[in-house]
Amino acid sequence: MTELTELTAVRLVEGYRKGEFSPVDAVRAALRRAEEIQPAVNAFVRLDEESALAQARESAERWRRGEPAGLVDGVPVSVKDILLMRGGPTLRGSRTVPATGPWDEDAPSVARLREHGAVFLGRTTTPEFGWKGVTDSPLSGITRNPYDPSRTAGGSSGGSAAAVALGAGPLSLGTDGGGSVRIPAAFCGIFALKPTYGRVPLYPASAFGTLAHVGPLTRDAADAALMMDVITGPDTRDWSGLGPADGSYVDGLGGGSGDRGDSGGGVRGLRVAYSPSLGGQVAVRPGVAAAVRRAVEGLASLGAYVEEADPDFTDPVEAFHTLWFSGAARVTQRLGPDQRELLDPGLREICDLGGRYSALDYLAAVDVRMELGRRMGRFHDTYDVLVTPTLPITAFEAGAEVPRGSGHRRWTGWTPFTYPFNMTQQPAATVPVGVDADGLPVGLQIVGARHADGVVLRTAHALYAAGVGGIAPPAGL
């Protein structure tokens with residue numbers, strides 16, 4: 001029999017329904033796996049075995065009665081330690097956040113999962129305040145890659161990605177302000193989706209403003225669709241939330257007449273723009289480029305219309321830095337000198353930079369953002385999705401913000417495919433499509449027009465269904 005820790009959320013729910021195993025069995029297995037992997041990868045800030053097993057027993061009783069609470073009743077879930085979860089502290093990877101409560105409120109996405117019966121295993125690691133694309137912090141140390149613990153798991157949702165990759169629960173909640181679900185998912189060989197901004201409600205509002213999204217990290221696109229059907233439920237605390245989604249993401253995985261250019265399901269007739277390097281702006285490693293190209297050829301073989309085409313924009317990194325560094329400065333604005341000394345030195349540095357920007361500097365960056373959004377809106381008049389590498393590289397040494405010898409100063413230097421689409425608020429997903437010569441995962445990014453989250457999920461699901469998406473799980477841990 002397949003180990004319970006290897007099953008997707010979709011398969012777990014099916015098993016509960018058929019009485020093949022119970023939520024208690026699945027949660028015990030996930031907790032055991034989390035404890036096994038923790039010394040090697042450091043994915044969790046905190047595990048709560050007693051509470052998780054109590055939740056699992058309640059779920060098992062609901063399934064016994066034939067009255068599940070919702071779509072993910074009994075499924076083990078972890079939550080990045082950025083999002084509020086009642087019953088315990090949310091320390092955000094920082095020694096400056098007091099653990100004193102009361103911790104009596106759930107973030108909207110956590111609340112929706114709780115309403116649907118999910119079982120919470122614990123909290124996953126994050127860099128301090130989620131500020132960078134790798135996961136290490138003065139509070140919780142370094143989170144490592146499941147395929148090679150000497151390498152980084154990526155970030156800032158690195159603990160969530162490592163946990164899902166290694167079987168410590170099939171679902172995790174992360175946040176993405178510049179690539180923070182897609183980067184670690186690509187490095188760790190799993191799926192992640194950054195939804196359209198506002199599609200998943202967020203509270204409290206992020207200091208990084210409308211760059212910050214909440215999204216699922218999962219085994220595959222079908223699990224992400226299931227999770228999206230839960231976490232997109234509206235919440236009045238988010239003034240910028242989009243409200244209920246139009247239909248089920250799970251039901252949309254096969255396509256249908258409502259989707260532009262495709263009435264037969266899958267990706268047949270989908271108009272795909274393949275940009276291998278954003279018009280030569282990005283140097284992509286050969287092993288990454290080859291794996292992504294093979295996957296794009298797979299899309300064409302499934303009936304998609306694929307054309308090599310680049311979106312019409314130049315790297316907006318300086319504008320992104322203005323927005324991002326300003327947000328970081330806002331997060332730490334009220335800290336005194338002694339507390340600031342406790343911060344990650346890199347975070348302290350960007351906070352100092354962010355504090356020097358003027359309102360006019362910020363608004364100039366907003367102008368760049370709006371123009372970028374306009375250009376991408378026009379681009380999607382022609383193409384349903386844009387496909388790129390998720391990252392130009394695979395995982396590098398753990399504990400470093402940038403690869404040694406790269407010449408990059410900040411994490412944005414090696415993530416040029418991710419942060420532009422936080423600026424435009426578009427849905428973007430990463431799908432594992434192979435490994436490089438060192439056996440490290442390679443991710444392919446799928447970007448859709450704003451509000452076309454279903455098209456992105458459907459495209460990713462088609463890759464999994466055809467055997468193009470997905471890689472062998474890590475061995476040896």
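Side-chain contact check for Glu128 and Ser137: no donor-acceptor pair (N or O, by modelled atom type) lies under 3.5 Å. With 3.5 Å as the limit, one finds a donor-acceptor pair spanning the side chains of Asp310 and Ser275. Side-chain atoms of Glu318 and Thr322 form no donor-acceptor pair, as typed in the model, at a separation below 3.5 Å. Side-chain contact annotation: Ser172 with Ser160, donor-acceptor N/O pair under 3.5 Å present. Side-chain atoms of Thr196 and Asp453 include a donor-acceptor pair closer than 3.5 Å. If you check the side chains of Arg112 and Thr232, you find no donor sitting under 3.5 Å from an acceptor. In this structure, a donor-acceptor pair under 3.5 Å is absent between the side chains of Arg123 and Ser140. For the residue pair Thr124/Ser78, the side-chain donor-acceptor check at 3.5 Å is not satisfied.
When every heavy atom of Tyr197 is checked against every heavy atom of Ser240, the shortest pair comes out as OH-OG, 2.9 Å.
Aromatic ring centroids of Trp414 and Phe396 lie under 6.0 Å apart.
Between Arg33 and Glu36 a salt bridge is recorded (basic side-chain N to carboxylate O distance below 4.0 Å). Using a cutoff of 4.0 Å between basic side-chain nitrogens and carboxylate oxygens, Asp106 and Arg86 are scored as salt-bridged. No salt bridge links Arg378 with Asp312; every basic N to acidic carboxylate O contact stays at or beyond 4.0 Å.
Residues in residues 360-379 take part in these ring pair (Phe, Tyr, Trp, His ring centres under 6.0 Å) pairs, two or more places apart or across chains: Phe379-Tyr383.
Side-chain atoms of Asp81 come within 3.5 Å of backbone atoms of Leu91 as a donor-acceptor pair (strictly under, hydrogens ignored).
Contact check for Val181 versus Leu193: no side-chain heavy atoms found under the 4.5 Å cut-off.
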